[in-house]
Asker: 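Got a structure for you, written out below as structure tokens; questions coming shortly.
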Amino acid sequence: MKISPQFTRRSALGALGIGSIAATAAACSSGSGSGGGPDSGGGGGAGALFVVGTMVTATNQFAKNFNRYGGGDTAPGLDLVYEPLFRLSSKDGGQLLPMLAESADHSEDGKEVTYHLRKDVTWSDGEPFTAKDVLFTLGSIYGTPNPEPAEDEFVWLSAPIETPDDHTVTVKYNDDQRQQEVNLALYYPIVPSHIYQDGDKLEFPQDIMDDPIGTGPASLKAFDTQLVTYAMRDDYWGGTSEVGEVQFVPSGQAGNIETQISQGNVDFAEGGAPGVVKGFVGMAETNHYSWIADGASEGIAFMTANPDSPMADANIRKAFRAAIDYSAVMEASGIAYTLPNAAGVDPVLNESLQQPEFNEPMAMDTDAATKALEASDWSVNAAGNLEKDGKEHPLSLQIQNDNATFMVTMPIVVSTWEKNLGVTVTFDPKPKDVMDTILSTGEFDVVATGLGYPGSPWSNYTMYDQPILPLEEETNNGNWGRWAWGDEAEEKMQILVSTLNTPETQDQIAEGVQGVQQAFLEQAPHAPVQGGGTGIMYTELNWTGIPDPADVDYFPRINGMGNMTQLLMAIEPA
């Protein structure tokens, strides 16, 4: 299997904080050019400033830590410095697209991969990017190779990583690791061996990196705990941007950042409090808000594994799924997230791969809900509880009480169950530590939680491709309802596990996606209420060209490797 480059040099890349912003942002927007605004440096022409509001630590300060692998809080903007071998597209189920690697050849069994690296890349200190950098980074991640690990030992590599020349790297695994490319693209950028390698030792430094050296489009210019500035490189391998500098300021409370964006003092920020659609967008004609879906979802997980629970009955699960007024719930959230499909994935991300019925988002169907309830083994008694064989089963919906969106939306879910099914469900918020126990022990009937991971189809559904533990054992695999999807779906999931998502493998990926999605439709293990992702707030006072997410193959947001780089290549001074 091969990943091939399909991009030009110009567009070589594809793809709320805490504290007060008022004083800092005001200072940043002065005539000195340290911030945006119609009378400041931001957006004044090519080479001007692009100001980003972003989250800070609990101390309301940026951490002076540029180590992507050191743990703890890191400084903002690292995705403008460090880059991975490949990135994930926002189209076609998250196809892998080239970045530092031009292509990758995988063996038929998935145990060996050879990377062919770009030859025109330099680090920001001028040193060439070579196979040694990939060897150091991947070797540090994977650890010591062992062709015959013990049964209770997890070892990635079967042999040392090979670098036959400066632009070729071969990695040999003990198991099929094709999907490791997705993890590398999402979480593991390449770092410079000439800066961090100590002799032959392959190990990331754990001290703070004060002066990050990367292959990305920007290099650190200045650091302050309330203001971090990057200068855009004119020798970047992926092309040049009309932005001269990017500054990160604390995003502060939602109202503060919305005001700063409306005034043009901040150009761009992620997030958005409930009501952002009407409130923020209405503050200025130049204000805009978009939801950037990432393929994950949240909603209601049903306990399928407890035979005493009504949720062990697939018809009850279908009734509860169909009875929710999804549009009303979304409107109440005030953040305009996208509704997922019945399989719990944003309909657009997998549109080219899935059956037409999955191109539609979740919608209420009261007739289907009534019919499913009637087809079940349960009835609704005078108290509004489900009852079977003379024994009633009161229900409660448990959520984590610090989830602001759930606290607004889940009472509406409960009310639609009562309205459309006649079932009374208690709304039951819990603190995080209690919710963690509830999820791991499976002591629930219905619970609001995460339902799927972002990224490729493999990562969307991987939490369900795990051993299903009996209820007497605690679990931490994310499949909180302990749903076993059956042999047919498992067979289709193995296609996704063993097939790299590239333009050449779309027929295989489509077969896997459609088989897995069908199991979700027929068995209703959950009710996906909210699509995963983030909102973006921005102004066109200073910069134009921030794209509609549907028009590009990357996620136009701050976070995620490759995303902001491509965004900076696209925008133009207003």
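When reading the values below, keep in mind they use all heavy atoms of this one structure, side chains included, and skip hydrogens, waters and symmetry mates.
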Asker: Looking at residues at least two apart in the chain, or sitting in another chain, which of them share a side-chain contact (heavy atoms from CB on, under 4.5 Å) with P84?
Answerer: M99, M561
Asker: Not counting sequence neighbours, which residues clear ring-ring contact (aromatic ring centres under 6.0 Å, His included) with Y538? List them please.
Answerer: H288
Asker: Go through the steps to decide whether S89 and D553 satisfy the test side chain to side chain donor-acceptor pair (under 3.5 Å), and finish with yes or no.
Answerer: CA-CA 5 Å; S89 169; D553 66 354; 4.6 Å; no
Asker: Could you check whether F223 and F62 have their ring centres less than 6.0 Å apart?
Answerer: no
Asker: Does the side chain to side chain donor-acceptor pair (under 3.5 Å) test come out yes or no for Q354 and N359, once each step is laid out?
Answerer: CA-CA 7 Å; Q354 60 202 11; N359 293 338; 2.8 Å; yes
Asker: Ring centres under 6.0 Å, that's the criterion: do Y453 and Y461 meet it?
Answerer: no
Asker: Tell me, please, which residues at least two apart from D436 pass side-chain contact (heavy atoms from CB on, under 4.5 Å).
Answerer: K432
Asker: Identify, with sequence neighbours excluded, every residue that meets ring-ring contact (aromatic ring centres under 6.0 Å, His included) alongside Y337.
Answerer: none
Asker: Tell me which one of D133, T130, T215 satisfies side-chain hydrogen bond (donor to acceptor under 3.5 Å, both in side chains) with W123.
Answerer: D133
Asker: Residues two or more places apart in sequence or in another chain: which of them pass salt bridge (charged side-chain N to carboxylate O under 4.0 Å, His left out) with K221?
Answerer: E245
Asker: Can you list the residues that meet the salt bridge (charged side-chain N to carboxylate O under 4.0 Å, His left out) rule with D79, with sequence neighbours excluded?
Answerer: R68
Asker: Do you know which of Q506, Q95, E181, Q179 makes side-chain hydrogen bond (donor to acceptor under 3.5 Å, both in side chains) with N501?
Answerer: Q506
Asker: Going through the distances and angles, do N476 and S440 end up as a side chain to side chain donor-acceptor pair (under 3.5 Å)?
Answerer: CA-CA 6 Å; N476 61 359; S440 64; over 6 Å; no
Asker: For Y69, enumerate each residue passing the ring-ring contact (aromatic ring centres under 6.0 Å, His included) test, keeping only those at least two apart in sequence or located in another chain.
Answerer: F204
Asker: Measuring from F555:CZ to I292:CD1, what's the distance to the nearest 0.5 Å?
Answerer: 9.0 Å
Asker: Would you please indicate if the ring centroids of H194 and F136 are separated by under 6.0 Å?
Answerer: no
Asker: Counting only pairs under 3.5 Å, give me each side-chain donor-acceptor contact of residues 324-332, with atom names and distances, residues two or more places apart or in other chains.
Answerer:
unit_1	atom_1	unit_2	atom_2	d
D325	OD1	A328	N	3.2
Y326	OH	R321	O	2.6

Asker: For N183, give me all partners under side-chain hydrogen bond (donor to acceptor under 3.5 Å, both in side chains), at least two apart in sequence or on another chain.
Answerer: Q180
Asker: Identify, with sequence neighbours excluded, every residue that meets salt bridge (charged side-chain N to carboxylate O under 4.0 Å, His left out) alongside K278.
Answerer: none
Asker: Provide the full list of salt bridge (Lys or Arg N to Asp or Glu O under 4.0 Å) pairs with a residue in residues 541-551, sequence neighbours left out, each pair given once.
Answerer: none
Asker: State which residues pass side-chain contact (heavy atoms from CB on, under 4.5 Å) with T122; sequence neighbours excluded, sorted by chain then number.
Answerer: R233, D235
Asker: Could you grab the distance from atom CD1 of I261 to atom OH of Y289, nearest 0.5 Å is fine?
Answerer: 11.5 Å
